[in-house]
Participant: 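Let me give you the structure first, and then I'll get to my questions.
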There are 2 protein chains.
Amino acid sequence: MKRTRRACDVPDATIHRLPLYLEKLKLLQAIGVEDVSSRQLAESLDIKASQLRHDFHYFGGFSRPGRPYQVDTLVPALEQIIGISEPQPTVIVGAGHLGQALANYSNLEVQGFPVAGIFDVNPKLIGLEIRGQPVRDMDELEPLIRDKGVRIAILTVPSANAQNVADRLVRAGIVGIFNFAPMDLKVPETVVVRNERLAVGIMSLSFKVKCIVQGSSGRTRSLDD
Amino acid sequence: MKRTRRACDVPDATIHRLPLYLEKLKLLQAIGVEDVSSRQLAESLDIKASQLRHDFHYFGGFSRPGRPYQVDTLVPALEQIIGISEPQPTVIVGAGHLGQALANYSNLEVQGFPVAGIFDVNPKLIGLEIRGQPVRDMDELEPLIRDKGVRIAILTVPSANAQNVADRLVRAGIVGIFNFAPMDLKVPETVVVRNERLAVGIMSLSFKVKCIVQGSSGRTRSLDD
DNA sequence: TGGTTGCTGTCAAACACATAACAATTCAGG
DNA sequence: CCTGAATTGTTATGTGTTTGACAGCAACCA
């Protein structure tokens, strides 16, 4: 009698590792590895084996005690947990450089997120074909989302328009927004936003670079240049 | 007598917030706001004021007790902490779709990371101008890094080449690598890598979307479709 | 069969981080 | 000059995550 799995009450930190597990496991699967121990898998990801087992423990029962994990069991299990057992059609709103780059990023489809539509307001972009998909007018946004049951949207529009577009997406039924605009979106509780800020990434890198460069004093030659 | 600031012994979580603080403060600066309390700033970022003060406390003395923060003091202080008092010239290696998108991302320069060079192996791309910069042959990589004292590199090459390029970057003196290839780079301890994995982002989003959709059962109509 | 090894699931301790609490400080106004 | 309100710097508390430890199971081998 399986009790309802609390499969959603999981720490963020664990959630962020699931894709890494899946990626590595798919790699193992591709080269024909059949089973893998928590130690092997953890070492290849540079984390502790206990952490990996602890992560898996949230979902329970990937292996029988005493036996290593079966790659062919784990891959579909993780896909199911992440929610990509079935491909998740995804729309990209904003066909500027970044939007185009993402639309061209073939891995998206491989990972389970086929691009169902690309949208922009710019008439010059509308009709442009990207990997077989035309850039569409924003008028088609809501119908396409509804018709194809799209739940995830990638937002690559300028900050000034981001909230406006986000509102439209939410009304059309989008549940998850992958937001590349450097701007906090206000959305209902029933919608998830993940902000991807390049500025945060490169600045935290810069912080650490500064620390390294200053730390290894004596080689700060290029600093005084 | 200022003791040597332990300015580098700071939690990652705090480091990641520094760019957000800076961003918001620059915005305030732009509209002429002169001072701001920890509460105001924190609320606009949807965090607790105590956390903000705690973060600032690592670096000490941004304000006198009893007085709110001065925007014009805080902005340069944060810039100095993050390491962008002086612009940090940055190279982009890999002029594919993503590399081009980043090269076109004008914010990079505004944020303090002017693009010093764009590189690719593909002869068809070499010479292509992006925002006034030609895509350069990889032969020019090391000389340019050395000549301009570049310390930060953005890596947007295919996974298969990523380690190879990373090795070259490290030998040429790069200290921080912003890695967009879905691959773990091996680098010396004196080099920082920040991995930006789109797959992780969209998959953790998908996880939460699945939780929301399943949670609000009764509306799972589109699931059984 | 019995012992040994390697493995997972699970719990407990250690650690890191976020939040709350509060003393100390500044300024405004009577 | 004194009081009160607003603010920060700093310490204490609480929460969440990581790490370590170990019992129990499965396979292998003598």
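Note that the structure is predicted; figures quoted are calculated from it, not measured. Proteins come first, then strands; the chains are lettered A, B, ... in the order of their sequence lines, and each starts at number 1.
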Participant: Determine the minimum heavy-atom distance between A/Pro182 and B/Asn107, stating which atoms define it.
Facilitator: CG-ND2, 4.3 Å
Participant: When you check the phosphate oxygens OP1 and OP2 of C/dT8, does a side-chain N or O of A/Ser38 lie under 4.0 Å from one of them?
Facilitator: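 Looking at the OP1 and OP2 atoms of C/dT8, one of them is under 4.0 Å from a side-chain N or O of A/Ser38.
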Participant: Please give me every residue in residues 18-26 of chain B whose heavy atoms get under 4.0 Å of an atom in DNA chain C, ordered by residue number.
Facilitator: none
Participant: Identify the heavy atoms of B/Ile174 and B/Arg151 that sit nearest to each other, and give their distance.
Facilitator: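 For B/Ile174 versus B/Arg151, the nearest heavy atoms are CG2-O, 3.5 Å.
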Participant: Whether the B/Gln29 and B/Asp72 side chains hold a donor-acceptor pair (N or O, under 3.5 Å, no angle test) is what I'd like checked.
Facilitator: yes
Participant: Measure from the side-chain N and O atoms of B/Ser204 to the backbone N and O of B/Ile202, and report whether any donor-acceptor pair falls under 3.5 Å.
Facilitator: no
Participant: I need the minimum non-hydrogen distance between B/Val192 and A/Val209, along with the two atoms involved.
Facilitator: CG2-N, 4.3 Å
Participant: With a 6.0 Å cut-off (strictly less than), is the heavy-atom count around CZ of A/Arg39, excluding the residue itself, greater than 12?
Facilitator: no
Participant: Under 3.5 Å, is there a donor-acceptor pair between the A/Asp167 and A/Gln163 side chains?
Facilitator: yes
Participant: Closer to the 5' end of DNA chain D via nearest nucleotide, is it B/Tyr69 or A/Arg17?
Facilitator: B/Tyr69
Participant: For residues A/Tyr58 and A/Phe56, establish whether the separation of their ring centroids is below 6.0 Å.
Facilitator: no
Participant: Using heavy atoms and a sub-4.0 Å distance, could you list which residues of residues 45-56 of chain A are near DNA chain C? By number, please.
Facilitator: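 Those residues are A/Arg53, A/His54.
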Participant: State whether B/His57 places a side-chain N or O below 4.0 Å from either non-bridging phosphate oxygen (OP1 or OP2) of D/dT10.
Facilitator: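 Yes, because at least one side-chain N or O of B/His57 sits under 4.0 Å from OP1 or OP2 of D/dT10.
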